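Input: a single structure, listed below in structure tokens.
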Amino acid sequence: MMRKWMVGCMCLCLVWLSATMLTGFKQRDGVSTAEHRLAQLWKLSESMQAKPTRWIVKINGEMEFTDGSKSLKGQVETWSEGLLAGKKIELQTKNGKVIVSASWQVNGSRVNWMAVQREANRFFWVYQIEAKRVDSTQSEKQLYAEVQVTQAKFVRQLNDLGLDYNWNGTVQGEKERQAKGSAQVTVEQLEQVIAKEVKLIQMEKYTDNGTYSASYSAPELGQGIVSGKHELHLQMAVHQISGTDQERVSIGLPLITTEY
């Protein structure tokens, strides 16, 4: 089970690293802390027309090791153990690259961690929190609070180590379809609601059978990602779930980083 997760998570790391390198994530500033960004996403979720049932937060960054007295493998292992507060980690070397991973449950959320060697003394790392609504008795605020608590503990550890990071969050929920071909209609309705508070300029869109996604420039939302010649700050998508009368609504800040 752990090995299957590692394969998937390693692919995630490489994809996320490519996005970071090629599209230019901005670094954290005073209003782009993890706490602030998560609160922004909570506010945006109020426009979904669907109760949030899944939250995914990804925090990632890079680390350089300069202590020549230890092996690189030893440095990574020691650093990871400290950052993860003693969680059991798996460390291996593939094609000469060191990979550290761990997976555990906390506050009702699933946490996945991986660090992948980029070059001789640099590592890219990603920390993911996934919280799903387990039953109808769990409120949207309780689910959100789980993510808040888990994220806050990890970010404190990052701050203690003086590490910078990038943040991305996705919230999802399901609702009854309005009509056939309504995926685009739902996104446009979300856009109208959010645009009352934030100026949105649609920069990219994607449409497929039963799916519609749009990405926006919205500098008021803070941290963005450069795509081509423009910067994106928000993505929204709706997917009509095959064989049901439901559609899944997703909001990503700045991007949706899971299947929608």
Side-chain angles (χ1 to χ4, degrees), residues 4-5 7-9 11-12 14-16 18-19 22-23 38 40-58 109-110 112 128-136 138-140 143-144 147 168-218 221 224-228 230-260:
K4 288 182 179 179
W5 171 78
V7 172
C9 195
C11 291
L12 168 68
L14 294 175
V15 170
W16 192 252
S18 297
L22 298 177
T23 57
L38 185 59
Q40 282 183 308
L41 189 57
W42 167 256
K43 180 65 176 177
L44 290 168
S45 74
E46 295 176 347
S47 307
M48 288 178 61
Q49 306 175 20
K51 292 183 178 180
T53 56
R54 186 183 185 214
W55 291 81
I56 297 177
V57 167
K58 293 187 174 103
S109 300
R110 183 72 175 175
N112 292 325
Q128 175 179 298
I129 305 167
E130 181 177 5
K132 295 181 180 180
R133 191 180 184 196
V134 292
D135 57 55
S136 59
Q138 187 179 34
S139 71
E140 301 97 281
L143 186 63
Y144 172 66
V147 181
N168 199 103
T170 301
V171 60
Q172 295 182 311
E174 294 181 10
K175 59 182 283 293
E176 187 175 348
R177 293 188 198 178
Q178 299 179 67
K180 185 177 180 181
S182 68
Q184 181 174 347
V185 173
T186 302
V187 170
E188 290 173 346
Q189 290 176 343
L190 291 176
E191 179 182 331
Q192 290 172 8
V193 174
I194 294 173
K196 293 177 181 178
E197 303 292 335
V198 179
K199 182 178 179 180
L200 300 177
I201 301 175
Q202 187 179 116
M203 307 301 293
E204 298 177 359
K205 65 179 180 180
Y206 165 82
T207 184
D208 197 358
N209 186 27
T211 302
Y212 185 84
S213 169
S215 299
Y216 304 85
S217 170
L221 293 176
I225 182 171
V226 176
S227 177
H230 47 259
E231 188 173 7
L232 303 177
H233 303 87
L234 177 69
Q235 182 182 8
M236 297 186 286
V238 172
H239 172 72
Q240 295 180 332
I241 303 171
S242 179
T244 75
D245 64 351
Q246 300 289 299
E247 56 186 15
R248 181 167 50 250
V249 182
S250 305
I251 297 178
L253 190 67
L255 295 178
I256 300 169
T257 58
T258 189
E259 182 180 1
Y260 55 81

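As the structure is a prediction and not an experimental result, all values here were calculated from the model.
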Working to the nearest 0.5 angstrom, can you tell me the gap between [X] [atom1] and [Y] [atom2]?
X	Y	atom1	atom2	result
Leu253	Leu44	CG	CG	6.0 Å
Lys58	Thr258	NZ	OG1	5.5 Å
Ser227	Met203	OG	CE	9.0 Å
Gln128	Asn112	CD	CG	5.5 Å
Ile251	Thr170	CD1	OG1	10.0 Å
Glu174	Gln246	CD	CD	6.0 Å

Exercise. Begin with the C-alpha distance, continue with both residues' side-chain angles, and end with the deciding distance and a verdict on side chain to side chain contact (heavy atoms under 4.5 Å, CB included) for Glu130 and Ser109.
Key: CA-CA 6 Å; Glu130 181 177 5; Ser109 300; over 6 Å; no

Quiz item: When you measure from the side chain of Arg248 to the backbone N and O of Gln172, does any donor-acceptor pair fall under 3.5 Å?
Solution: no

Exercise. Give a yes or no on whether the backbone of Ala214 and the side-chain of Gln202 come within a donor-acceptor separation of less than 3.5 Å.
Key: no

Quiz item: So Arg110 and Lys132, side chain to side chain contact (heavy atoms under 4.5 Å, CB included) or not? Walk me through it.
Solution: CA-CA 9 Å; Arg110 183 72 175 175; Lys132 295 181 180 180; over 6 Å; no

Exercise. Report the residues that fulfil ring-ring contact (aromatic ring centres under 6.0 Å, His included) with Tyr260, sequence neighbours left out, ordered by chain and then residue number.
Key: none

Quiz prompt | Beyond-backbone contact of Ser215 with Lys205, side-chain heavy atoms, under 4.5 angstrom | solution = no

Quiz prompt | Criterion side chain to side chain donor-acceptor pair (under 3.5 Å) on Glu204 and His230, from CA distance to verdict | solution = CA-CA 10 Å; Glu204 298 177 359; His230 47 259; 3.1 Å; yes

Contact summary for [X] and [Y], nearest pair of heavy atoms:
X	Y	value
Lys175	Ala50	CB-CB, 3.9 Å
Gly210	Ala183	O-CB, 3.9 Å
Glu140	Pro52	CG-CD, 3.5 Å
Ala218	Leu200	CB-CD2, 3.6 Å
Thr53	Gly173	OG1-CA, 3.7 Å

Quiz item: Taking the inter-plane angle between the rings of Tyr144 and Trp55 on a 0 to 90° scale, is it parallel (under 30°), tilted (30 to 60°) or perpendicular (over 60°)?
Solution: tilted

Quiz prompt | side chain to side chain donor-acceptor pair (under 3.5 Å) partners for Asn209, two or more places apart | solution = none

Which donor-acceptor pairs under 3.5 Å do side chains of residues 186-194 form with protein atoms, sequence neighbours excluded?
{"residue": "Thr186", "atom": "OG1", "partner": "Gln178", "partner atom": "NE2", "Å": "3.1"}
{"residue": "Thr186", "atom": "OG1", "partner": "Ser182", "partner atom": "O", "Å": "3.1"}
{"residue": "Thr186", "atom": "OG1", "partner": "Glu247", "partner atom": "OE2", "Å": "2.7"}
{"residue": "Glu188", "atom": "OE2", "partner": "Gln184", "partner atom": "NE2", "Å": "2.9"}
{"residue": "Gln189", "atom": "OE1", "partner": "Gln49", "partner atom": "NE2", "Å": "3.4"}
{"residue": "Gln189", "atom": "OE1", "partner": "Gln178", "partner atom": "NE2", "Å": "3.0"}
{"residue": "Gln189", "atom": "NE2", "partner": "Gln178", "partner atom": "OE1", "Å": "3.3"}
{"residue": "Glu191", "atom": "OE1", "partner": "Tyr216", "partner atom": "OH", "Å": "2.9"}

